[in-house]
Amino acid sequence: MMSRRDARLAFGRRTFLSLTGISTAAFLTGMGVPAHAAPVSGRVPSNPFGLGVASGDPTPNSVVLWTRLAPEPLAEDGHGGMPPDDHTVEYEVARDERFRDVVTTGRAVASAELAHAVHPLVTGLEPGREYFYRFRAGGEISPTGRTRTAPARDAAPDSLAFALASCQAWYHGHYTAYRDMAERDLDLVLFLGDYIYEYGITGANLRRGGTGNLSAAHAASVVTLEQYRLRYALTKSDPHLQAAHAHAPWLMTPDDHEVENNYADDVSPLGTRSEDFLRRRAVAYRALYENLPLSPEALPEGPDMRLYRRLRFGGLAEFNVLDTRQHRDDVPADGGTPGGDHTDPERSILGERQERWLYEGLRDSRATWNVLAQQVVMASVDRDPGEGTEYSMDIWDGFTANRERLFDTLVSHEVANPLVLTGDIHRHAAAELKADFDDPDSATIGTELVTTSVSSGGDGSDRDRLADLWLANPHVKLYNARRGYVGVTMTPSEVTSEFRVLDQIEADDTGTVSVAARFVTESGRPGLNRESGGRQ
Amino acid sequence: MSQPRPVTGLNAEGRLGAIDLTWDLPGWEPLVDHFAIHASDSADVPTTPDTLVGTTVYGRFSHDTLGPEAVTRYYRLVTVDAAGARSEPSATAKARTVASMAATGRTLAQVGEFDSKSLELALAPFDGPNRFRAAFPDGVDFVHGTSDPATDWCYLHPGPADGWGGRTPHTFRLRFSLDSAPRGEVGVVLWLIDTHMTVPGVAEIAVNSDLAGVVEFARGATRGSLEGDATVLGTALRPSFEEITLSGDRFTEGENVVAITKAEGSWHAYDAVGVFDIG
């Protein structure tokens with residue numbers, strides 16, 4: 001049900017919407033309208049919920065619900081087998097799994113402009129509470145999803161359980177990590193980038209066993225909207241991913257592969273002209289919005305999408321969800337030469353506005369844990385084990401001045417317990433964030449947990465050719481190159497991080513889960529205390 | 001459902017092996033899903049699936065699988081929006097490619113077919129990085145008329161930037177015999193299905209051990225190491241075409257050797273290689 005504030009929000013976006021190509025009616029109805037609104041007629045094909053259901057961006061009184069009608073998910077025009085007409089999708093939210101205690105219902109209109117996706121923003125919910133939801137379209141009822149609102153702003157939660165995931169190239173293996181994740185009691189799933197990959201799927205990269213023959217459309221490099229939609233549909237056809245979405249609300253931020261490998265703002269590493277590349281970014285962002293439980297604030301405007309945002313979980317934690325791709329400066333040409341361009345004070349990985357927003361939020365936060373959910377590794381990692389230095393310019397090492405400004409903010413405002421959550425590298429890693437990365441004795445001012453990929457890179461191994469390079473950095477406390485995810489339990493006194501790995505993911509989805517390492521980070525004492533496992 | 005407007009400003013320009021199209025990008029509303037590019041060898045360009053040669057969201061497209069002969073193509077575009085609505089076809093544009101020396105000359109030696117594919121060459125389409133050093137420890141040494149492209153000419157030519165190639169220059173040699181020395185000029189033709197996107201590099205061309213030319217490759221898409229058919233709809237491969245003209249007196253009666261050494265940069269992926277008497 002739309003609150004007065006939400007109605008104002010939607011109304012205020014009409015000018016904005018007129019620039020996006022999405023009609024106001026489609027957008028408003030895609031968000032959700034009161035149940036008494038007139039339904040839109042049109043026959044819905046059978047089995048329309050082939051891509052599952054999801055929820056996301058929980059606040060103390062609201063959550064975004066999501067589904068996308070797709071009776072034929074892999075239809076090559078990207079429209080999922082739906083005719084072009086608008087269709088009514090009804091939703092209901094209940095306190096119980098059998099829907100005997102329904103708290104709200106509503107309707108959303110699924111339109112072809114948004115690939116028949118709906119994102120009803122359900123408000124008026126109670127804080128810190130479990131809910132169940134489902135959709136109805138035509139005579140069909142969707143699977144039931146479970147979600148949970150955030151605790152009240154003034155609450156003091158005892159604990160928060162969440163999982164970190166990233167990098168799920170569908171063609172590299174099975175999403176067995178989500179099979180395990182969906183069996184755990186989680187309040188939240190944080191996805192930290194590379195939900196899809198834009199590469200053509202060919203014999204050279206198809207490692208996922210048991211897939212059968214894919215049509216030629218999947219061999220194309222993903223550039224057009226229909227191709228992005230098709231790639232999302234292929235990715236979301238995985239039953240374990242659907243189960244993880246239905247199991248808990250997600251907080252999602254993309255990295256580069258949702259658009260193009262290693263892009264920076266409007267710069268394409270392929271040399272595509274900016275005016276052309278922004279067209280690709282626009283359709284990529286549209287498809288991203290269509291396929292994830294993102295709030296209406298994230299609806300793209302042309303090639304722009306507001307992705308950075310802040311969610312609070314009572315006094316326990318504040319999650320700053322960052323966007324380190326859309327606003328970053330281009331990769332420096334110096335390749336990491338000491339004192340080179342990558343140290344230019346003008347350079348930013350966040351962009352000026354996001355930096356200012358982040359620092360103001362950190363300064364004002366009263367949360368016990370201040371979380372930065374983001375994409376690329378923040379700790380400095382020298383990849384030359386000898387006398388020289390070698391750094392990746394795609395991560396925060398390519399933006400040292402931005403990192404220094406962030407660390408200065410953390411220190412000068414005595415920001416409590418900075419906790420950085422990262423994806424991107426297809427390895428589990430854990431690192432202590434140092435005031436001076438060249439001085440192991442310098443102060444530790446934060447903790448970074450890096451989750452490995454769900455599938456990208458295939459089976460992997462505990463160690464690989466980069467292990468020694470990473471572990472030569474004394475602030476790096478863990479390196480493991482298997483697939484998996486990180487389970488985190490946060491309490492007022494400590495954060496426990498459990499780095500879970502799989503023995504295989506390429507052959508099938510029966511892989512066995514084990515724990516590669518477990519660390520405890522104590523409140524007031526940044527860093528990593530090893531409980532088990534550790535440097536591999 | 002409203003209909004998007006057809007694109008305007010469609011322009012076509014021919015070059016060696018390809019025709020480049022450009023057009024005006026429309027506004028953001030409605031969001032364009034893609035432009036469908038249709039091509040025909042006649043002025044009547046039906047906008048049907050069998051004439052579709054590509055889709056893109058960009059304001060340009062290179063139709064770069066047209067082969068070595070000079071050909072004329074006519075083009076029309078259809079705009080498809082995010083809701084799936086299709087525009088009327090655009091106005092028609094036409095252009096003619098420039099013929100390759102491979103089409104105008106007499107073949108003295110050739111490896112592979114000029115067909116926009118590496119598939120007929122050794123280790124194609126994706127085993128180069130894993131197997132090159134074992135299969136070709138001394139580089140490639142190919143004898144025209146005797147050697148087999150499927151086993152004796154690797155589709156992928158590593159450069160000194162490639163760890164899998166040992167970070168050293170590699171030389172591919174093409175040997176062929178002539179009954180008599182050419183009287184006029186000779187064309188050395190390197191058609192590639194792709195090159196590396198950031199370090200496409202430089203090759204030195206030697207004829208009978210004398211440096212005869214240097215080729216600086218165009219930036220590609222870094223996909224030719226993994227896939228080998230540039231005619232697949234939507235492929236990321238970026239074919240490029242390098243042709244150099246040499247004096248015939250560099251060649252002799254009897255055996256000749258054209259040696260291609262990747263002196264700088266990363267790999268390139270072959271479509272075909274040839275030496276042609278162009279008179």
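Counting heavy atoms from C-beta outward, Y58(B) and E275(A) have side chains that stay 4.5 Å or more apart. Proximity of D81(B) to E113(A): side-chain heavy atoms (C-beta onward) are nowhere separated by under 4.5 Å.
The candidate from V222(A), V283(A), V223(A), T224(A) with the greatest count of non-hydrogen atom pairs under 4.5 Å with chain B is T224(A). In terms of heavy-atom pairs under 4.5 angstrom with chain A, the leader among R60(B), E227(B), R219(B), R238(B) is R60(B). No other option in G220(B), A236(B), G234(B), S225(B) has as many heavy-atom pairs under 4.5 Å with chain A as G234(B). Of the listed residues A287(A), P303(A), G203(A), A282(A), the one with more heavy-atom pairs under 4.5 angstrom with chain B than any other is P303(A). Contact tally against chain B (heavy-atom pairs below 4.5 Å) for L225(A), T202(A), N205(A), T272(A): the top residue is L225(A).
Contacts between V80(B) and chain A at a heavy-atom distance below 4.5 Å are absent for every atom of the residue. Residue P26(B) touches chain A through both its backbone and its side chain, counting heavy-atom pairs closer than 4.5 Å. With a threshold of 4.5 angstrom between heavy atoms, L226(B) approaches chain A through its backbone and through its side chain.
Take P269(A) and apply the side-chain contact (heavy atoms from CB on, under 4.5 Å) test, not counting sequence neighbours, and it matches E260(A), N262(A), Y263(A), M197(B).
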Cut-off 3.5 Å, no hydrogens considered: what does the side-chain donor-acceptor table look like for residues 116-127 of chain B, sequence neighbours left out?
from    : atom 1 : to      : atom 2 : distance (Å)
E120(B) : OE2    : E113(B) : N      : 2.7

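The only member of V57(B), T56(B), L25(B) that meets side chain to side chain contact (heavy atoms under 4.5 Å, CB included) when paired with D276(A) is L25(B).
Of the inter-residue distances, the one linking R279(A) atom CZ with W28(B) atom CH2 reads 4.0 Å to the nearest 0.5 angstrom. A distance of 8.5 Å separates CG of D77(A) from CG of D33(B), quoted to the nearest 0.5 Å.
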